[in-house]
Each structure stands twice: as C-alpha cells, then as structure tokens.
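Here's the structure we're looking at; comments come further down.
If you're wondering where the values come from, they're calculated on a predicted model, not measured in any experiment.
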Amino acid sequence: MNDSEPRTTTPLLEVSDLKTYFRTERGTVKAVDGVSFSLQRGQSLGIVGESGSGKTVLSRSIMGLLGRTNLIREGSIKFNEKELMGLSVKEMRSIWGQEMSMIFQDPMTSLNPVMKIGRQIAEPLMLHLGMNKSEARLTAEKLLTDVRIPEPQRRLNQYPHELSGGMRQRVMIAIALACGPTLLFADEPTTALDVTVQAEILHLINEQRVDRNMSLILVTHNIGVVAGNTDVIAVMYGGKIVEKAPTKTLFSSYKMPYTEALMRSIPKLRQASHTRLATIPGRPPDMVNPPLGCNFAPRCAYARPKCLVEEPELTATENPEHVYACFYPVGSPEYHERKLELSQRVDSFSTGGQN
C-alpha cells in the first residue's frame, strides 16, 4: 500500500481513547492509557515497544480476551462500524475467528498437546462455519498447504510435539486463518524461532494478508521486524502511543528519542563481530506509579526540566499521518544542543578532563 495513498473509506477498526487498567494489591496498573488509532481494510500496522509497554494488552483488549475480573476498560472500539465495548463474551464469540483472529506468540502453549493438529484446525470450521467433519478436514488440509507445510495429510494426524517450532507456528497461522477473518493480530509471531524461520513466517503472514485482503496488526518488540512487513508503525511506551507514522517515514525521519533508541538497538551487519549491542539505559516505568511528566524522561538523554513535570501530547509534523509526543524531538535545535553537550562530556571524560 502506498504511504501517500489518501484514506477516504471508513476504517475497518477505529480505537478511541482506549484505557485498560488492572486492579492489583499494589494499586491500579495503567497498562493501556488512552490509545487512539484507526486501521483501513487491507492495511498492516506494526505496534512496537519493549516488554511492558502495553502492546500485547492493547491487542487483547481490542479482541476482548482479558476476562472481566479486576479489569477497568474504557473508551471506544469500533469494528466494521460496530461498537465492541460492552459486548458480552457470547456476543464476542460470533466475532472471534470469523472476523477477528490472533496468532499467539508461543505455539507450544497455545496448541492443545493432546489433540491432533487436524482436529485443532477443524473445530473452528465446524463451530463457526457449520462444516461437517469431512468438509472441515479437507479445508484443514488446504490450509496447511496454504501455510507451506509439506505432506499436509500426514501432519493432520500428528500432535504438536511431533512438529518443529516453525511448523507449529505455521499451524497457528492456519488456525487463525481458518474462518477467513478480516483482521488478524500477530502477537510476537517469531518468538523463539531462528532468524531464517522468522523471515519465512513473516513473509508467509504478509503473503496471506495480501492474498486474502486482510488487515494485520503485528505486535513485536523488534522494530526491525516491522520494517518490510507493515504500512504504518505505532511505537508504544508506558501504555501510550508515543510516535506513529507510515513505515518509510518513521525509518527516515523519526522524531521521538525513544524511537531513536529502538533504532540504535537493531544489530547492524556492518558492525564488527562481537560488537557490544546498544541498549536503552534504565528500566520501563512502573505503571502503578508512572512518572509525573513524560514517561520516557527518566531514561532520555535529551530530557530537560520541563519533561519531568509536563506530559507532551501527540503533535503532527508537516505530514498529518506522522505524530509524536516530545517537547524536544529528534532534529530540533534543542535536541542538537543537548547532543553537543553530551558529546563534549564524553570527550572530557575520555581525556580525563585535560585540554
């Protein structure tokens, strides 16, 4: 999809000021704190952030998979112009699988270890689409073929433990695609897979998205994963979206220092062997007691006193589709001034303070 293509149609998914809090003994955890975005039919969105940023809770909150106990959920979630907030589990079941589906991050715990693969794929087909056993089995075989699993007939009679990690993840994709959803969530779909298998799985998901004209929300901690697999990227930190832009725009002209830190953490092929990887100092915020100002300020090398007491709002660049939450964005005069100060400090330290 072209980044400059105008968005004129009604969004498939529209999330407005979504808040998802959990009551705990320590206090209320603000896991998702006022997130808004929209997604068009056939569009792919990458949600990126460290562990604890709120990205997985966001996707499960949209799908209504968080249960009801000790949960506070506010805002609006419109899917195909239908409001999902307040729907019962029974009402959501008619949406799960057929309209919305999810690939979970650990196929070994998501798949039933004592049930054959064929039955696990066939059950939603019989439940949601009313297929009989033979129809469901034939469709299951085709789905395994679609996700590039060799000898699909034989695999239908195998248990999850008989398959490799990559094969199990392909089975999870087949189950998620079984009922033809219009929106697919992929939550860390390449976790614990080696690099070559990761690339195959990501290519497969994107291929199926295009072939089926699905929308995709790809959730990951690795910003490199979304580079060639999404149209738009939303960067999350401390339960909020801190930057959002078309993928090419974000990689060429990011504004948020947190996005810059994620970019720096990507290993570079040109680096010498055993080069120390760049890390983000400090720890993610405690979402029971978040910082007063910008959530990232305590870890930000460019933070100033204002950042510690005042929270920045999302601001648009000259491109209205590119928004960020920072008082002193990457490229601003204040950013360059602070960067020069830090560089001079490093030079002074390395020379022992001698001129």
Under 3.5 Å: donor-acceptor pair, side chain of [X], backbone of [Y]:
X      : Y      : answer
Arg137 : Ala122 : no
Thr315 : Glu313 : yes
Gln43  : Gln40  : yes
Glu91  : Ser88  : yes
Glu83  : Ile77  : yes
Trp96  : Leu65  : no
Ser101 : Ala176 : yes
Arg170 : Ile149 : no
Arg155 : Pro150 : yes
Asn213 : Arg209 : no

At what distance, to the nearest 0.5 angstrom, does [atom1] of [X] lie from [atom2] of [Y]?
X      : Y      : atom1 : atom2 : result
Ile233 : Tyr254 : CD1   : OH    : 12.5 Å
Arg212 : Leu184 : CZ    : CG    : 9.5 Å
Leu129 : Gln98  : CG    : CD    : 5.5 Å
Thr28  : Phe22  : OG1   : CZ    : 11.5 Å
Gln120 : Asn112 : CD    : CG    : 5.0 Å
Ile175 : Ile103 : CD1   : CD1   : 10.5 Å

(request) Any chance you could lay out the side-chain contact (heavy atoms from CB on, under 4.5 Å) test for Met236 and Val35, step after step, and finish with the verdict? (result) CA-CA 9 Å; Met236 282 193 74; Val35 167; 4.1 Å; yes
Check: [Y] and [X] side chains under 4.5 Å, non-hydrogen atoms:
X      : Y      : result
Ser44  : Asn229 : no
Asn206 : His203 : no
Leu39  : Pro11  : no
Thr145 : Pro152 : yes
Met256 : Glu260 : no
Tyr258 : Cys300 : no

(request) Assess whether side-chain hydrogen bond (donor to acceptor under 3.5 Å, both in side chains) is satisfied between Thr247 and Thr230, documenting all intermediate values. (result) CA-CA 7 Å; Thr247 300; Thr230 57; 3.1 Å; yes
(message) Working note: Thr182 + Glu99, criterion side-chain hydrogen bond (donor to acceptor under 3.5 Å, both in side chains); need CA distance, chi angles, decisive distance, verdict.
(response) CA-CA 5 Å; Thr182 51; Glu99 299 185 60; 5.3 Å; no
(message) I'd like to know whether CD of Gln153 has more than 12 heavy-atom contacts from other residues, nucleotides or ligands below 6.0 angstrom.
(response)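 No, not enclosed.
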Considering non-hydrogen atoms only, spot the tightest contact between [X] and [Y] and give its length.
X      : Y      : value
Arg73  : Ile62  : NH2-O, 4.2 Å
Leu125 : Ala136 : CD1-O, 3.6 Å
Gly166 : Ile201 : O-CD1, 4.0 Å
Phe251 : Ile223 : CZ-O, 3.5 Å
Lys255 : Glu243 : N-OE2, 2.8 Å
Pro257 : Cys326 : CD-SG, 3.5 Å

Are [X] and [Y] joined in one hydrophobic group, where the rule is that I, L, V, M, F, W and Y side chains link up if heavy atoms are under 4.5 Å apart?
X      : Y      : value
Met115 : Ile121 : no
Met126 : Ile95  : no
Tyr324 : Met263 : no
Val147 : Leu163 : yes
Met85  : Ile72  : no

Charged N-O contact under 4.0 Å between [X] and [Y]:
X      : Y      : answer
Arg148 : Glu200 : no
Arg119 : Glu123 : yes
Lys55  : Asp187 : no
Lys248 : Asp231 : no
Lys78  : Glu81  : no
Glu50  : Arg283 : no
Arg304 : Glu337 : yes
Asp33  : Lys240 : yes

(message) Could you check whether Thr317 and Asn319, counting side-chain N and O atoms only, form a donor-acceptor pair closer than 3.5 Å?
(response)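 Absent: no donor and acceptor within the cut-off.
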(message) Less than 3.5 Å apart, any donor N or O on the side chain of Asp17 or Ser36 sitting next to an acceptor on the other?
(response)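 There is no such pair (donor and acceptor under 3.5 Å, judged by atom type) between the side chains of Asp17 and Ser36.
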(request) Applying side-chain hydrogen bond (donor to acceptor under 3.5 Å, both in side chains) between Arg338 and each of Glu341, His336, Glu334, report the one that passes. (result) Glu341
(request) Hey, can you tell me if Tyr159 and His161 have their rings parallel, tilted or perpendicular (30° and 60° cut-offs)? (result) parallel
(message) I'd like to know whether His221 forms a side-chain contact (heavy atoms from CB on, under 4.5 Å) with Glu188, so could you lay out the CA-CA distance, the side-chain angles of the two residues, the decisive distance to 0.1 Å, and finally the verdict.
(response) CA-CA 8 Å; His221 65 277; Glu188 299 278 11; 3.1 Å; yes
(request) List the steps and the verdict of side-chain hydrogen bond (donor to acceptor under 3.5 Å, both in side chains) for Asn222 and Thr220. (result) CA-CA 5 Å; Asn222 185 352; Thr220 179; 5.7 Å; no
(request) Take Ser76 and Ser16 through the side-chain hydrogen bond (donor to acceptor under 3.5 Å, both in side chains) test and state the conclusion after the steps. (result) CA-CA 5 Å; Ser76 172; Ser16 302; 4.8 Å; no
(request) Give the C-alpha distance, both sets of side-chain angles, the deciding distance and a yes or no for side-chain contact (heavy atoms from CB on, under 4.5 Å) between Leu262 and Val48. (result) CA-CA 9 Å; Leu262 290 177; Val48 185; 4.1 Å; yes
(request) Tell me whether the centres of the aromatic rings in Tyr302 and Tyr328 are closer together than 6.0 Å. (result)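 They do not qualify: ring centres at least 6.0 Å apart.
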(request) Please test Val242 against Phe296 for side-chain contact (heavy atoms from CB on, under 4.5 Å), starting from the C-alpha separation and ending with a verdict. (result) CA-CA 9 Å; Val242 295; Phe296 188 57; over 6 Å; no
